[in-house]
Structures are given as structure tokens and as C-alpha cells.
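Scroll down for the structure; my scribbles are underneath it.
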Number of protein chains: 2
Amino acid sequence: MTARSEILPALAEVFREHGYAGASLALISQATGLGKGSLYHLFPGGKAEMAACVLEEIDAWFETNLYRPLRERDPPERGISDMFDSVASYFRSGQRVCLVGVLALGTSRDLFAEAVRGYFARWVAALADALRRSGQDAAASTALAEEVVAQIQGAIVLARALDQPALFTRALATLRSRMATAAG
Amino acid sequence: MTARSEILPALAEVFREHGYAGASLALISQATGLGKGSLYHLFPGGKAEMAACVLEEIDAWFETNLYRPLRERDPPERGISDMFDSVASYFRSGQRVCLVGVLALGTSRDLFAEAVRGYFARWVAALADALRRSGQDAAASTALAEEVVAQIQGAIVLARALDQPALFTRALATLRSRMATAAG
DNA sequence: TGATTTTTGTACCGATCGGTACAAAGTTGT
DNA sequence: ACAACTTTGTACCGATCGGTACAAAAATCA
């Protein structure tokens, strides 16, 4: 009696490491310790349902730990600062890849287009909201929010490509201080 | 008698669209119009050699159109400006994905680790060189160069995820003006 | 033209793919 | 203990994977 939520982390890691196409049931079975029988019992929809479930959980995590604080935390600078803490820990200081980003670049984007779009749209919207609340005008807030989210995604790519996780940490620090001056 | 160079563009497009794992020989055969016989005649090493060849060509293109101008163009501001033009056209104003970025995020990074690392390392180094020549101190040049390359990669991800190619164009414009003030 | 070599299409290989069937094993309620 | 139900492992399915063998077909050279 294994619950879906118990194996979602392992499942997410497989998709992150191998992408949607590369995450074979054999790999998934090995990573979760569950046979095909159990997997298809938990996820009758197969791989697609597994990935959808993982995305749902990721979205929920970001909603709780990023989006909501960004929208509601007072002063808004606190929400922004917390965002950087959460991002740093979630992406393991640059050693962990963003599954949603991976899916966005691949063909599987078509399968999960809505989830992928929503993830980034909500992130940008929440961050822009915090910026607006801190005094920026609406247009500048959205532009800066897009820039910051893109910078985070790009830093993941670059840190991974150069095998320099520290680059990711540095990028976060730079963004943090830039936003402190922008928002303060 | 089809030459390797003739089919490399189609080949690159398949890898870009489907990733390394997702680019099956059936897809490759269809995209290039060549049967397996011809493919394995041109690339005895199979998929791995095809991808390596594509990466080599990409690297050569960037060397000619980006890295060298960045290092040698005078004044350096010209090289930087040309870089943005080249980047905009190469990535089809945000509608085309960066294959090297895709590989960097996937497992296939291990297979092409050196090529992936070299691509980004040379880009950052060339851009940092141009910045240094334009008067920035060495440390700031490298930091800014990493930031810019990351921003470009992130903008690709974000533009694709949100299905808003214009976001990529806007990001380039922002970077361009920021660097004009930094380098000028 | 005929001999030689390069290029191509097709049939095939074992392995693995995602997914299904189903019975054994485990759990639960009584 | 027994029946009802849930969870799991294993065998198997057709399809497709990357790759090989090889002969027909082109092209080249004499």
C-alpha cells in the first residue's frame, strides 16, 4: 500500500534527470522500487499521468512556498527575499535542474503545455505583483519579473553546462541585491 | 552522393525539437529524406556521431559569427552589437530552441559534456573579452558576460514555455541597451 | 561497354519500449 | 477462519528502438 505522494519525489527526480522521453518505465520502476503492477495501479494513465502528477505537486509546492508569499507577504520585499531562499534550496544551489524548464524545451511541451505555461505565468505574475506592491509601476514590474525568472532558468542551464553550481548561487545573489535596490 | 554538410541542418533541427533521446532514427530518416543505409554510411558511429557532428557545426558557426567578432571586432561595442543580431537570427527571434542548452539539461550532457561546456565557456570568455576591451575590469566583465549568456538561455526557455516569442526579442533589447550603457 | 567502387533501400537482428493480463500475496472486515 | 478486496510481481503483447547485413542501383573509371 504505497501512496502516490510517497513516490512522487523519486518520480520527479527521474523525469528531471532523463526528461519525459528518456524516463523509461524500467528506470521509473528502479527509482521508485515499485514494479509495473504497482505503478499502473497507482497511475492507470501510465507515464503521462505520472508526469502530470509530478507537475501538479511541483505547482502546489511553488504556490505555497513562492507564489503566495510573493503575493501576500508584507512587506513585499520579504516575499521576494523568501523567494530567493526557496529557489536556492529547491534547485539545490544549482545542482538540480528545473523539470518544468526541461519540459518547456522538449517536444513533451505539447503534452503539458498548459501546466508548463501556468507554472511560469504564475511565477512571473506573483513576482510582478510583489514588485508592484513595493512601488514599481505595473509595466516595469512585469518586465523585471520576466527578466528575473528568465535569469534563474538561464543560470540553471549555464551552471549545469559549465559544471559550476556556484554560478547559480552567484546569479541568485546578484539578482537579490539588484531587486533590493529596485524594490527598496 | 549526399554530403554530410547537406543534411546537418535538418539533423540539427530534429535534435533540437526532440532532444537526443527523442530523436529516433525513424524521425531522422524522415527529416533528412535518407534511409538507414545512407545515414550509417555517412555516420558510421550512428546517432552519437550525428549529434557530435551537429555540435561541431554549431560551434563553428558561433565561432565565426559570435566569438571571433566579440574578440576581434573594433570597437568592441560593435562585436557586442553584432552578437545580438546573430543571436536574434540564429534563435529565430525566440522560436528556435538552443540545442546545446537542451543537451545541457538532459542526461545526454554526459555524452557531450565537453562540447557543451566548451560552447558556453567560449561564449562567456569571448563576451567577457569584449567587455574588458571596452573598459570594464576583468572580474566585472566575466560576471556580466555570464549574466548575459544566462539571460539569453533563460529567455529562450521562458519564451517557449509561455509561447511568447516576443518575450525573447524584448529580453535581447533590454540586454542590448544595458550593455550599451555598461560598455559605453 | 564492362569492371570497380560508392551510395542507397530493405529486410532483419536482439533489446527495449509502454502497456496489459492475471494470478499470487497481502490486507481488511467480520 | 473465511470471504472480499487491495496491492504487487511476472509473464507477455505488439511496436519501436539503434544498429547490421547485404544486395540492388548509381556513379565512376577504363
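As a basis for the values below, the full set of heavy atoms in this structure was taken, side chains included, without hydrogen atoms, waters or symmetry mates. In this text the structure is predicted, and so the values were computed from the model without any measurement. Each chain gets a letter, A, B and so on, in the order the sequences are listed, and its residues count up from 1.
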Checklist entry - Has Arg122(A) got its NZ or CZ under 6.0 Å from the middle of the six-membered ring of Phe62(A), at an angle within 45 degrees of the ring axis? => result no
Next on the checklist: Under 4.0 Å from OP1 or OP2 of dT7(D): is there any side-chain N or O of His41(A) that close?
Outcome noted: yes
Checklist entry - Do the rings of Tyr119(A) and Trp123(A) sit parallel, tilted or perpendicular, given the 30° and 60° boundaries? => result perpendicular
Checklist outcome for this item: A correct 5'-to-3' footprint of nucleotides 14-20 of chain C, with B, S and - meaning base, sugar-phosphate only and no protein heavy atom under 4.0 Å, is ---SBBB
Item to check | From CA spacing to verdict: salt bridge (Lys or Arg N to Asp or Glu O under 4.0 Å), Asp137(A), Arg132(A) | outcome: CA-CA 6 Å; Asp137(A) 74 87; Arg132(A) 207 184 36 71; over 6 Å; no
Item to check | Pairs satisfying side-chain hydrogen bond (donor to acceptor under 3.5 Å, both in side chains), at least one member in residues 138-153 of chain A, at least two apart | outcome: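 Checked against side-chain hydrogen bond (donor to acceptor under 3.5 Å, both in side chains) - neighbours excluded - the pairs reaching residues 138-153 of chain A are Glu146(A)-Arg170(B), Glu147(A)-Arg178(B).
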Checklist outcome for this item: Leu39(A) CG to dT8(D) P, in whole Å, measures 9 Å
Item to check | Ser134(A) side chain to Pro76(A) backbone, donor-acceptor under 3.5 Å | outcome: no
